[in-house]
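One structure below.
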There are 2 protein chains.
Amino acid sequence: MKRISFADTRCSLAQSLDMIGEWWTLLIIREAYFGTRRFSDFQSHLGIARNVLAERLERLVANDILQRVPVSPGSKRAHYRLTEKGRDLVTVVIALVQWGDRWVMGPENAPVRMVDRATGEDIDTVQVRAKDGRPLGLHDIGLEPGPGADDAIRDRFSEAITDTGAVRWRIRRHMAA
Amino acid sequence: MKRISFADTRCSLAQSLDMIGEWWTLLIIREAYFGTRRFSDFQSHLGIARNVLAERLERLVANDILQRVPVSPGSKRAHYRLTEKGRDLVTVVIALVQWGDRWVMGPENAPVRMVDRATGEDIDTVQVRAKDGRPLGLHDIGLEPGPGADDAIRDRFSEAITDTGAVRWRIRRHMAA
DNA sequence: ATTTTTGGTTGCGAAAAGCAACTTAATAGT
DNA sequence: ACTATTAAGTTGCTTTTCGCAACCAAAAAT
């Protein structure tokens, strides 16, 4: 299939998806987070085709999400480890795992538990919060053009908020009349 | 391409990705969160091919992430709105947008700002926390087999944690010797 | 009543994902 | 030291899905 790249789109989500939105990529990252380093282990744990795995790893390394570390200096064989940028993605992975636990598997069928190692307790549900720590629902979040907004984006946002908490844009053709 | 389905995999992340991991799907959800309801608006805002959009919407409705609402009772035309399950995904979308802002666009180029409507302040960075609110780094999170774990998963987890905070599994063939 | 818009569907070509066999370099065994 | 095995990919082929553009029917507007 001809697949569009979002690389030139002015949108953080599109940019992110351009790096990690492909089939398998997020599972590879989770696997790396679980401690997998070796090509064969990624392959056997995930059941991914080897050529696809090779391509994904290469892309993740190119995007500085994984780091390719020679297994011994000068060796052609290497291991793959998460970079800082990659480790920062684990938040997203965990949010998605928790969503799956809540809505698909059911919490009582969650295959893995994530615990706070200090207390042994389950970690909290990842959620959106205000700076002071208050959990925010969708209604509590406002959207505005950011510092890097272009006209297209600025056009879409007004102060008006719909009942789902999202932004309603001005219907210009009707306002002109 | 022949694409594997994760639907029968015993893994929340795979299950989640089976629903939302396809090309475009998360952008459609973001768009719905921004308030878009109509087919044509999804199409023109995202620039997605119409047949692909139709397929994605159908799949999202089948998975109860979007709801198809007839525009007037009995009409064949419909609008699409996020369900509760879909709205719960916005956390993931926001986490991913923030990651893109941090690592790809750069915070100063963020095209949209998300603010706490009560205060007008930027929302906090989505992060993993303990039940008592402490932010947790990767090292602070322990992984254990959950209530729905099967043998394959149980085999992979031990109490040993590597320096990246992830789990190291027992190397059984060496232990047997 | 006729035109325009909306919400799709159909058909085609291209590129990506799956499968399996092959290759080459590093390790292990004797 | 020599051979066997494993690890880490690569190559070639097939299948499936995505992107594009044209088409179609129902609803709305004029």
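So you know, we letter chains A, B, ... as the sequences are listed, proteins then strands, and number each from 1.
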Enumerate donor-acceptor pairs with a distance under 3.5 Å from any side-chain N or O in residues 90-100 of chain B to protein atoms, sequence neighbours excluded.
{"residue": "Gln98(B)", "atom": "OE1", "partner": "Val126(B)", "partner atom": "N", "Å": "2.8"}
{"residue": "Gln98(B)", "atom": "NE2", "partner": "Asp124(B)", "partner atom": "O", "Å": "3.1"}
{"residue": "Trp99(B)", "atom": "NE1", "partner": "Lys85(A)", "partner atom": "O", "Å": "3.1"}

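In this structure, Glu108(A) has no salt bridge (Lys or Arg N to Asp or Glu O under 4.0 Å) partners at least two apart in sequence or on a different chain. With sequence neighbours excluded, the residues satisfying side chain to side chain donor-acceptor pair (under 3.5 Å) with Glu22(A) are Arg59(A). For Leu53(A), the side-chain contact (heavy atoms from CB on, under 4.5 Å) partners two or more places apart in sequence, or in a different chain, are Ile28(A), Phe39(A), Phe42(A), Gln43(A), Ile48(A), Leu57(A). Arg134(B) pairs by the salt bridge (Lys or Arg N to Asp or Glu O under 4.0 Å) definition with Asp116(A), Asp132(B), not counting sequence neighbours. Evaluation of the salt bridge (Lys or Arg N to Asp or Glu O under 4.0 Å) rule for Asp151(A) yields Arg154(A) as partners, not counting sequence neighbours. For Arg50(A), the side chain to side chain donor-acceptor pair (under 3.5 Å) test picks out no residue, with sequence neighbours left out.
If you take CG of Asp41(B) and P of dG7(C), they are 8 Å apart, rounded to a whole angstrom. The separation between Asp18(A) atom CG and dC18(D) atom P is 16 Å, rounded to whole Å. dT6(D) atom C1' lies 13 Å from atom CZ of Phe39(A), rounded to whole Å. The distance between atom CG of Leu17(A) and atom C1' of dC18(D), rounded to the nearest whole Å, is 16 Å. Taking atom NE2 on His45(A) and atom P on dA7(D), their separation rounds to 12 Å, with Å as the unit. Atom-to-atom, CG of Asn51(A) to C1' of dT11(D) comes out at 9 Å; the value is rounded to the nearest Å. A straight line from CD of Gln43(A) to C1' of dT10(D) spans 14 Å, rounded to a whole angstrom. In this entry the distance linking CD1 of Ile28(B) with P of dC18(D) reads 11 Å, nearest Å.
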Give me the distances for all protein-to-nucleotides 24-28 of chain D N/O pairs that come in under 3.5 Å?
{"residue": "dA26(D)", "atom": "N3", "partner": "Arg77(B)", "partner atom": "NH2", "Å": "3.3"}
{"residue": "dA27(D)", "atom": "O4'", "partner": "Arg77(B)", "partner atom": "NH2", "Å": "3.4"}
{"residue": "dA27(D)", "atom": "N3", "partner": "Arg77(B)", "partner atom": "NH2", "Å": "3.4"}

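Phosphate proximity of dA22(D) to Arg50(B): absent, as no side-chain N or O sits under 4.0 Å from OP1 or OP2. Remark: Trp24(B) is in phosphate contact with dG19(D), judged by side-chain N or O atoms under 4.0 Å from OP1 or OP2. Between Tyr80(A) and dG9(D), a side-chain N or O to OP1/OP2 separation shorter than 4.0 Å is present. Residue Arg68(B) places none of its side-chain N or O atoms closer than 4.0 Å to OP1 or OP2 of dG7(C).
Within residues 53-61 of chain B, the residues approaching DNA chain D are Glu55(B), Arg56(B), by heavy-atom distance under 4.0 Å.
Nucleic acid contact class of Ile4(B) (heavy atoms, under 4.0 Å, all strands): sugar-phosphate only.
Each of Val52(B) and Ser40(A) was assigned the nucleotide of DNA chain D with the nearest heavy atom; the assignment lying further toward the 5' end belongs to Ser40(A).
Applying side-chain contact (heavy atoms from CB on, under 4.5 Å) to Tyr80(A) and the options Thr36(A), Asp41(A), Leu60(A), Val61(A) leaves one that passes, Val61(A).
If you check the side chains of Ser12(B) and Asp101(A), you find a donor sitting under 3.5 Å from an acceptor.
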